[in-house]
Amino acid sequence: MSDRILASYLIETPYPLERAAEVMAGEQSCGTFTRLAGETDALREAHGARVEHIEPLESLDSPSLPIPAPPAGAGTPVYRRARVTLSWPLANLGPSLPTLVATVAGNLFELKEFSALKLLDLTLPAPFAEAYPGPQFGVAGTRELTGIPERPLIGTIIKPSVGLSPAATAEVVRELVEGGIDFIKDDELQANGPHNPLKARVDAVMPVIREHAERTGRRVMYAFNITGEADEMREHHDYVVAAGGSCVMVALNAVGLAGVTQLRRHCRVALHGHRAGWGLFSRSPHLGMSFVAYQKLWRLAGVDHIHVNGLRNKFSEDDASVIASARTCLTPMFAPPASGCQVMPVFSSGQTADQAADTYAAIASTDLIFCAGGGIMAHPDGIGAGVRSLRQAWEAAVAGLDVDAYAREHRELARALETFRR
């Protein structure tokens, strides 16, 4: 197996594609704007990034992003697009996620030669799998923790996002667990605020979870948001574990790769990754990185679940991107015997019973968490009916039955489709 790191990009440049790709390779390895005395041929051979492939695409008359003056004497500039693959020797950085990000997604985005540049994918050598813990529970472990062996986990988010006291949060949880929910999470905005501190929230919520489990045998997974400073996250993780919790959540971009990795090495419960802030990387088609590349970093760092948005969502991401994101979470990163680091994709954002059939048709898997806020809590017959409507929608999808036909014999599903279909 190759010991080289591969990264693929979409680029746009008024310069010849070969020259632009060489600028990328030089900037992110041993080259600079001029040849240095210490930059020997042997050093370049051992440590230089290589241009592995260039696939020319379309050309444009104007740049997608502002760019300094194009090359002098070249006439009217043409902005050429291409897919470019670069590679680096592992020896340049070792299996280090922070240095990997600095290498494949560092100064490249600022280079004056480019009017668009986006990281599309990463292929990492096996030493990364050996150096990082990866997911501790992943798909199989999450199913074991929740006692749900096959179907999707039906989940929701505590709403309102902020403003509820610990006691009020616990009352919402009581309604949800009585309604048959599988998974509940704090909102990313609610971590350890003064009106709803983490420890007080745990003290209020966990007795509800425990009592329900003792009475019914079903232990609902609650993802407590412990996003914070490193020491604070470890302390709050320990508090959740001592109370009998089975999951903690962090806002990945707020905590960073090093913070998530450190937490994962300490963690004893499932680690739920929320990608709040993801739009900074993804919103522009001309800059940033794709989720295909992004999620590999967090899987190696050790999350067990990661958000992928949802079909017909309330944000700007289109359905094709959402489905590609979910599929890649379930695709192994490494060949055996290394861990594949598969994690559970979390569908959320405007999800209701109406999206279940299309979601299952697109990914052909039930290894996911399907989170609905309004799709459960705004069901006209109450929270329990909202949960049942989602289960019924997924039952129909997996069985290959028409959802409208199935709804004729399942009132909760019928009412959900009447209320939420758009």
Assess whether atom [atom1] of [X] is packed by more than 12 heavy atoms of other residues, nucleotides or ligands within 6.0 Å.
X    : atom1 : result
R421 : CZ    : yes
R83  : CZ    : no
R210 : CZ    : yes
E58  : CD    : yes

Is there side-chain contact between R19 and T13, with heavy atoms separated by less than 4.5 Å?
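They are not in side-chain contact.
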
What distance do [X] atom [atom1] and [Y] atom [atom2] have between them, rounded to the nearest 0.5 Å?
X    : Y    : atom1 : atom2 : result
W278 : E317 : CH2   : CD    : 7.5 Å
L390 : I181 : CG    : CD1   : 7.5 Å
E418 : S389 : CD    : OG    : 11.5 Å

I'd like to know if the side chain of [X] and the backbone of [Y] have a donor-acceptor N/O pair within less than 3.5 Å.
X    : Y    : result
E412 : G386 : no
T328 : A324 : no
R201 : N192 : no
R264 : G134 : yes
R391 : P152 : no
K118 : S284 : yes
Q351 : S349 : yes
D304 : F137 : yes

Taking every non-hydrogen atom, the tightest pair across [X] and [Y]:
X    : Y    : value
P332 : Q342 : CG-NE2, 3.2 Å
T156 : G373 : OG1-CA, 3.6 Å
C247 : M221 : CB-CG, 3.5 Å
A393 : A356 : CB-CB, 3.7 Å

Which of T352, D358, T359 passes side chain to side chain donor-acceptor pair (under 3.5 Å) with Q355? It is T352

Using side chain to side chain donor-acceptor pair (under 3.5 Å) as the criterion, point out the one residue from R275, H307, H274 that pairs with E188.
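Passing option: H274.
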
Taking the six-membered ring for Trp, are F183 and H305 parallel (under 30°), tilted (30 to 60°) or perpendicular (over 60°)?
perpendicular

Over 60° means perpendicular and under 30° means parallel, so tell me whether Y406 and H410 are parallel, tilted or perpendicular.
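Y406 vs H410 ring planes: parallel.
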
Residue pairs passing the ring pair (Phe, Tyr, Trp, His ring centres under 6.0 Å) test where at least one lies in residues 348-397, sequence neighbours excluded
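Every pair satisfying ring pair (Phe, Tyr, Trp, His ring centres under 6.0 Å) with a residue in residues 348-397: F370-W394.
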
Residues in side-chain contact (heavy atoms from CB on, under 4.5 Å) contact with D61, at least two apart in sequence or another chain:
none

Taking only residues two or more places apart in sequence or in another chain, which ones pass side-chain contact (heavy atoms from CB on, under 4.5 Å) with E229?
E232

Can you check side chain to side chain contact (heavy atoms under 4.5 Å, CB included) on R143 and L153, steps first, answer last?
CA-CA 8 Å; R143 290 197 174 283; L153 274 63; 4.1 Å; yes

cation_pi(R80, Y15) dist<6.0 Å, angle<=45:
no

